[in-house]
Amino acid sequence: MMTDEIFMQRCIELARLGEGNVAPNPMVGAVIVLNGKIIGEGYHREYGQAHAEVNAVNSVLNKDSLKEATIYVSLEPCAHFGKTPPCADLIVHHYFKKVVIGCLDTFSEVSGKGIKRLKDAGIEVVVGVLEKECRFLNKRFFTFHEKKRPYIILKWAQTQDGFLDKNREEASKGVNWISSPETQILVHQWRSEEQAILVGRKTVENDNPSLTVREVDGKNPIRILIDSQLRISSDSNIFNSEAKTIILNKIKSEESANCQWVKLSDLNTASILEALYDLNIQSVFIEGGSKTLQHFIIDNSWDEARVIVGNTTFKDGLKAPKINDLPIEKFSFSTDKIYIYSKNK
């Protein structure tokens with residue numbers, strides 16, 4: 001790797017430390033270099049708090065040295081007032097000699113304005129170092145702003161003979177586990193990395209899930225329930241105080257301390273994605289049920305799928321969804337096999 005790429009790779013490593021805590025903002029890392037050595041670094045730690053450039057500048061004791069320094073940033077510095085002041089102005093204020101940027105910020109409030117601000121101040125600007133990697137880092141952010149919908153990850157566990165669940169009797173409740181306890185912890189880690197998690201009514205009726213990240217350290221995602229006629233009991237786990245719950249339905253729009261009911265005339269994938277975009281939700285982890293997952297597959301409204309194949313068989317039951325594509329990755333985890341699909345190969 002060239003020198004610029006080495007420092008940009010460090011920016012990416014730093015940025016990932018904010019995963020799960022900065023949405024709907026992007027993950028960003030910044031490194032300050034003087035005479036080939038890192039003298040400061042920082043990353044965006046939490047939504048509403050200081051950005052990566054601010055934390056990197058604050059980590060440098062001798063601010064006069066910044067006049068001769070280069071700052072590397074994985075994403076174009078912002079040029080607008082949001083929760084914090086513009087980072088482009090901060091860089092100009094400290095008279096940085098050079099700015100190296102991983103990729104443009106296509107959010108309309110930035111979109112080249114940060115770079116223009118830097119160049120107008122006479123600062124040398126280089127753009128596009130590890131651009132592909134920097135865009136991949138913020139695939140959720142870019143999907144949201146460029147496609148006007150959340151980044152969608154489908155997930156399900158199926159048996160070796162292709163079943164998602166056993167046939168349910170009328171009074172049959174509880175989870176019919178397919179994956180190993182170790183894989184269930186991994187799924188909680190996956191949940192912690194997304195802004196929201198979505199399920200349909202049947203999943204709540206059958207399994208009564210909490211949809212939290214209780215097995216790992218992390219932030220509980222916003223819970224989204226599709227319940228057109230509001231049939232789910234208010235004492236279900238999905239309505240507990242551990243996370244906010246949004247209920248997409250055809251009956252009412254209303255808000256309480258922990259729940260938000262959003263009325264939609266139609267609960268198809270297009271209207272759901274539009275509603276979630278309006279709610280500023282950038283990424284959604286869809287865990288079921290079968291019909292919900294299959295609708296997103298049929299409508300081509302997904303970006304990734306993570307399929308867990310457990311070391312068990314049901315011989316009969318509810319058939320698992322199908323993706324007519326080859327996985328981009330497959331690996332063993334505990335006693336399970338995990339297949340990763342991507343629509344944006």
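These numbers come from the heavy atoms of this one structure, side chains and all, not from hydrogens, waters or symmetry mates. Throughout, residue positions are numbered sequentially from 1 according to the sequence presented. Quick caveat, the model's predicted, so the values are computed rather than measured.
A cation-pi contact, defined as under 6.0 Å to the ring centre and within 45° of the axis, links Arg135 to Phe142. A cation-pi arrangement is present between Lys166 and Phe314 under the rule of less than 6.0 angstrom and at most 45 degrees off the ring axis. Both the sub-6.0 Å distance and the 45° axial angle are satisfied by Lys319 relative to the ring of Phe163.
The environment of Ile298 atom CD1 is dense: over 12 non-hydrogen atoms of other residues, nucleotides or ligands sit within 6.0 angstrom. The 12-atom threshold is not exceeded at CG of Asp217, counting heavy atoms of other residues, nucleotides or ligands nearer than 6.0 Å. Within a 6.0 Å radius of CD in Gln160, other residues, nucleotides and ligands contribute more than 12 heavy atoms.
A donor-acceptor pair under 3.5 Å is formed between the side chain of Asn55 and the backbone N or O of Tyr43. Although no hydrogens or angles enter the test, the distance criterion places a donor-acceptor pair under 3.5 Å between the side chain of Ser236 and the main chain of Ser233. Using modelled atom types, no side-chain atom of Glu215 and backbone atom of His188 make a donor-acceptor pair closer than 3.5 Å.
Taking 4.5 Å as the limit, some side-chain heavy atom of Leu273 sits within range of a side-chain heavy atom of Pro150.
Only one option out of Asp207, Val213, Thr212 pairs with Ser210 in a side-chain contact (heavy atoms from CB on, under 4.5 Å); it is Thr212.
In this pair, His145 and Phe107 present their aromatic rings tilted. The plane angle is within the 30 to 60° band.
Classification of Lys343 and Glu304 as a salt-bridged pair fails, no side-chain N sitting under 4.0 Å from a carboxylate O.
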